[in-house]
**Q** 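Okay, here's the structure, questions in a sec.
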Amino acid sequence: MHELGIVFYIIRDVKKAAQEHGVEHVSAVVMNIGEVSTIVPEYLTDCWRWAADKEELLRGCELKIEPIPAVTHCDGCGKEYPTVAHGKICPHCGSEKTWLLRGNEVEIKELIIEN
Amino acid sequence: MENVKIIEIKKSVFENNDRAADELRGELKTKGVFLLNLMSSPGSGKTTTLIQTINRLKDKIRIAVMEADIDSDVDAIKIKEATGVESIQLHTGGMCHLDAEMTEQGLNNVSMEQADLVILENVGNLVCPAEFDTGAVKNAMILSVPEGHDKPLKYPLMFSICDVVVINKIDVLPYFDFDMEKCKEYIHMRNPKATVIPICAKTGEGVEVFAEWLLNEVSEWKR
């Protein structure tokens, strides 16, 4: 279960940040998840629910996911295109010399604390 | 919405692990120990390939093995019995991969000053181990013929991070619709620098090529 491992990483980072800021309860964690990061958002939130409720700091805390669309850059023609629709080959010029510009993110964006 | 505070983090979940992995590589360089991270699907022949490879190398360099599995110690025992080299078992406790911290804990249980090469046999899985840098000097993966030649397209990340791809079970090629040339093409689409080595771990065919690659890498690292 790939997403569960990621959840443990998130919890570790959130705990650390909460401690640094003297926070006793986090209401929501906002994640930026790239479209081609290999993370299935539903699995991530399911695993989150199971693991977060075991922590005092994160009981009932919601995991909000803000998806980042994947974009590929083509060195052949210098243009950009959506990765998921076209894959590795540039739809503008047919070049294979392409690289992922964004869409691979697994990032904790922010914590929301409500009192 | 009153009394809502937002703490901005903006940090990749993999950042800490990437840092720990770089530190571990630095430490290995100082100690002159080469760490190979070996990955594959379950049942591709990792352990058999290792036994064959170690038996070709053990008189030339000092080798230790760390077997990572979710549970059991069958692989560590098998390696020790078949090769005589030091072999320890790591349990990931349900996790599908090893990270740099777990790898370092494992290395602490290996006699590092008596090893030139430590091989980490990662958990059998083509997804998660690719995302977590273990701190290894090089990454290798085994793809076996029955899995099909399209795997580089299905698991692009794994193939893109591997320095060497060993294609195992070539003895059964006549029975499968496995296209070796297509497979190499797909691997190089993901990773133009990858070395591809076809072998049959059961008969030993091609294993010397992998052993030679490994020996070269180890001596480069220790230079």
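Computed from heavy atoms alone, side chains included, the values below leave out hydrogens, waters and symmetry copies. Note that the coordinates shown come from a computational prediction; the quantities given were computed from them, not determined experimentally.
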**Q** Does B:D133 come within less than 4.0 Å of B:R25, counting only side-chain N to carboxylate O?
**A**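 A salt bridge links B:D133 with B:R25.
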**Q** Between B:E15, B:K11, B:E8, which residue shows the highest count of heavy-atom pairs closer than 4.5 Å to chain A?
**A**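 Top count of heavy-atom pairs under 4.5 Å with chain A: B:K11.
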**Q** Are the side chains of A:H86 and A:C90 in touch, meaning some heavy atoms are under 4.5 Å apart?
**A**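 SC-SC contact between A:H86 and A:C90 ruled out.
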**Q** Just checking heavy atoms, which of residues 19-37 of chain A are less than 4.5 Å from chain B?
**A**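 Counting heavy atoms that sit under 4.5 Å from chain B, the residues of residues 19-37 of chain A involved are A:H21, A:V23, A:M31, A:N32, A:S37.
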**Q** Which value, rounded to the nearest 0.5 Å, describes the distance between B:I6 atom CD1 and A:E110 atom CD?
**A**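 Nearest 0.5 Å value for the CD1-CD distance: 4.5 Å.
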**Q** Using 0.5 Å steps for rounding, measure from the NZ atom of B:K46 to the CE atom of B:M39.
**A**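 Going from the NZ atom of B:K46 to the CE atom of B:M39 covers 10.0 Å.
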**Q** Going by residue number, which parts of residues 56-69 of chain A are within reach of chain B, meaning a heavy-atom gap below 4.5 Å?
**A**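 Listed by number, there are no contacting residues, so the answer is none.
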**Q** Any salt bridge linking B:E220 with B:K138? Criterion: basic side-chain nitrogen under 4.0 Å from a carboxylate oxygen.
**A**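 No, no charged N to carboxylate O under 4.0 Å.
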**Q** With a 4.5 Å heavy-atom cut-off (strictly below), which parts of residues 183-200 of chain B touch chain A? List them by number.
**A**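 Those residues of residues 183-200 of chain B which have a heavy atom under 4.5 Å from chain A are B:M189, B:R190.
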**Q** Please classify the contact of B:V127 with chain A as side chain, backbone, both or neither, using a heavy-atom distance under 4.5 Å.
**A**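 Only the side chain of B:V127 comes within 4.5 Å of chain A.
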**Q** Under a 4.5 Å cut-off applied to non-hydrogen side-chain atoms, are B:L117 and B:E217 in contact?
**A**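 When only atoms from C-beta onward are counted, B:E217 and B:L117 do not touch, as no gap falls below 4.5 Å.
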**Q** For B:K154, does the NZ atom sit with more than 12 other heavy atoms under 6.0 Å from it, leaving out its own atoms?
**A**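 It does not: B:K154 NZ has 12 such atoms or fewer within range.
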**Q** For residues 96-103 of chain A, please give each side-chain donor-acceptor pair under 3.5 Å, one per line with the distance, not counting sequence neighbours.
**A**
unit_1: A:T98; atom_1: OG1; unit_2: A:K88; atom_2: O; d: 2.6
unit_1: A:W99; atom_1: NE1; unit_2: A:D75; atom_2: OD1; d: 3.0
unit_1: A:W99; atom_1: NE1; unit_2: A:D75; atom_2: OD2; d: 3.4

**Q** When you compare the side chain of B:L36 with that of B:L214, does any pair of heavy atoms fall below 4.5 Å?
**A**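 Counting from C-beta outward, B:L214 and B:L36 do come under 4.5 Å.
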**Q** Measure the CH2-CG distance between A:W48 and A:D53 for me, rounded to the nearest 0.5 Å.
**A**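 Interatomic distance, A:W48 CH2 to A:D53 CG, rounded to 0.5 Å: 9.5 Å.
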**Q** Is the backbone of B:V33 close enough, under 3.5 Å, to the side chain of B:W221 for a donor and an acceptor to pair up by distance?
**A**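 Checked: pair present.
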**Q** For B:S111 and B:E86, what are the C-alpha separation, side-chain angles and deciding distance, and is it a side-chain hydrogen bond (donor to acceptor under 3.5 Å, both in side chains)?
**A** CA-CA 8 Å; B:S111 327; B:E86 181 181 4; 3.1 Å; yes
**Q** Tell me whether the rings of B:F14 and B:F132 are parallel (<30°), tilted (30 to 60°) or perpendicular (>60°).
**A**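 Aromatic pair B:F14/B:F132 classed perpendicular.
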**Q** More than 12 foreign heavy atoms under 6.0 Å from CG of B:N216: is that the case here?
**A**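 Enclosed: over 12 neighbouring heavy atoms sit under 6.0 Å from CG of B:N216.
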**Q** Who among B:N16, B:L157, B:D99 has the most heavy-atom pairs with chain A under 4.5 Å?
**A**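 Most heavy-atom pairs within the cutoff with chain A belong to B:D99.
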